[in-house]
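Throughout, residue positions are numbered sequentially from 1 according to the sequence presented. Ligands are counted one by one from 1 in listed order, and the atoms in each one are counted from 1 as well.
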Amino acid sequence: MRKPFIAGNWKMYKTPVEAAAFVRELKDSLKDVSGVDVAVCPPFPALWPVKEALEGSDIALGAQNMHFEKEGAFTGEVSPAMLQDLGVKYVILGHSERRACFGETDELINQKIKAAFTWGLNPIFCVGETLEERERGITKAVVEIQVLKGLAEVTAEQAENLTIAYEPVWAIGTGKTATPEDAQEVCRFIRELLVNLFGKEIAEKVRIQYGGSVKPENIKELIVQPDIDGALVGGASLKVDSFTAIVKGSI
Ligand code: 13P
């Protein structure tokens, strides 16, 4: 049985001061909740104040991106060594906004995933099709390429610490959620790919999140699906009430 995992992707929202105040409230709101792993992924400048504000809580810290090199002349970038030093546990990699707005390729994402494992960070690896791809009936083919290229050269041992987030691009920030059955079908397909890559035992341990307009109202119907183990939440993770309700709804 996989423990549910709810992560908040704050994207480019909340200043460091706002972020710290938010997690102090969130900590209180979630203090009696158990049986679920929870992470918040603030923007880089808020990582340190959020880490301090999270002291004494089980809520984990995640980042939203990183470079794959340890250090170097890469103006504006943040390295895995820096995230590790900060106590970051998870790092979102391959988000569709990184792919679409910043030109990230499957090859680059693969380099980042391998670097995350090297530095003891647990990737939340995002995959998902666009509306046009869904309408053309090539959802599985697109997701298969993303998974296989993104996880090239990843070992079974490393994969134990992997989370995959299936986020159909057309469901992100649009209020449109995939039906639980459609989301399950793709998540099941992803798990079959993981069986081929890493064997059944490891594939059964990998948590697969659904992402895209997850709200308190739809978390229950998603989480009961056998291959959906949690959610990567954008907009609804920015409010203590809605994020708390999603976390509680996942247990
Ligand atoms: P929304 O929950 O705002 O649709 O965003 C989903 C997402 O992109 C999480 O990574």
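In the hydrophobic clustering of this structure, F117 groups with I202; members are Ile, Leu, Val, Met, Phe, Trp, Tyr whose side-chain heavy atoms approach within less than 4.5 Å, directly or through other members. Following chains of ILVMFWY side-chain contacts shorter than 4.5 Å, one can reach I219 starting from I228, so the two form part of one hydrophobic cluster.
At least one N/O-N/O distance between H95 and ligand 1 falls below 3.5 Å. In terms of N/O distances under 3.5 Å, ligand 1 is not approached by L232. At under 3.5 Å, a nitrogen or oxygen of N9, whether backbone or side chain, sits near a nitrogen or oxygen of ligand 1. Among the atoms of G211, none of the N or O lies under 3.5 angstrom from an N or O of ligand 1.
For ligand 1, the atoms closer than 4.0 angstrom to any heavy atom of G212 are 4 (O), 6 (C). Within the listing of ligand 1, atoms 6 (C), 7 (C), 8 (O), 9 (C), 10 (O) sit less than 4.0 angstrom from a heavy atom of E167. Each of the atoms 4 (O) of ligand 1 lies under 4.0 Å from some heavy atom of A171. Which parts of ligand 1 touch G234 is read off a 4.0 Å heavy-atom cut-off, strictly below it: atoms 1 (P), 2 (O), 3 (O), 5 (O), 6 (C), 9 (C). Listed by number with element, the atoms of ligand 1 under 4.0 Å from a non-hydrogen atom of K11 are 5 (O), 6 (C), 7 (C), 8 (O). The contact set between ligand 1 and G235, taken as ligand atoms under 4.0 Å from a residue heavy atom, comprises 1 (P), 2 (O), 3 (O).
Counting only heavy atoms from C-beta outward, the side chains of M12 and P43 never approach each other to under 4.5 Å. Counting heavy atoms from C-beta outward, N110 and K149 have side chains that stay 4.5 Å or more apart.
Residue K215 places no heavy atom under 4.0 Å from ligand 1.
R99 pairs with exactly one of T130, T105, D106 by the side-chain hydrogen bond (donor to acceptor under 3.5 Å, both in side chains) rule, that one being D106.
Nearest-residue assignment for atom 4 (O) of ligand 1 (options G175, G173, C126; heavy-atom criterion): G173.
Taking CD from E18 and CG from L238, the interatomic distance works out to 10.5 Å, rounded to the nearest 0.5 Å. Atom-to-atom distance recorded for T139:OG1 and R134:CZ is 4.0 Å, nearest 0.5 angstrom.
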Can I get a per-line list of side-chain donor-acceptor pairs under 3.5 Å for residues 207-215, giving both atom names and the distance, sequence neighbours left out?
unit_1: R207; atom_1: NH1; unit_2: K3; atom_2: O; d: 2.9
unit_1: R207; atom_1: NH1; unit_2: D37; atom_2: OD2; d: 2.7
unit_1: R207; atom_1: NH2; unit_2: D37; atom_2: OD2; d: 3.2
unit_1: Q209; atom_1: NE2; unit_2: F5; atom_2: O; d: 3.0
unit_1: Q209; atom_1: NE2; unit_2: A231; atom_2: O; d: 3.4
unit_1: Y210; atom_1: OH; unit_2: A178; atom_2: N; d: 3.1
unit_1: Y210; atom_1: OH; unit_2: G212; atom_2: O; d: 3.0
unit_1: S213; atom_1: OG; unit_2: A171; atom_2: O; d: 2.8
unit_1: S213; atom_1: OG; unit_2: G175; atom_2: N; d: 2.8

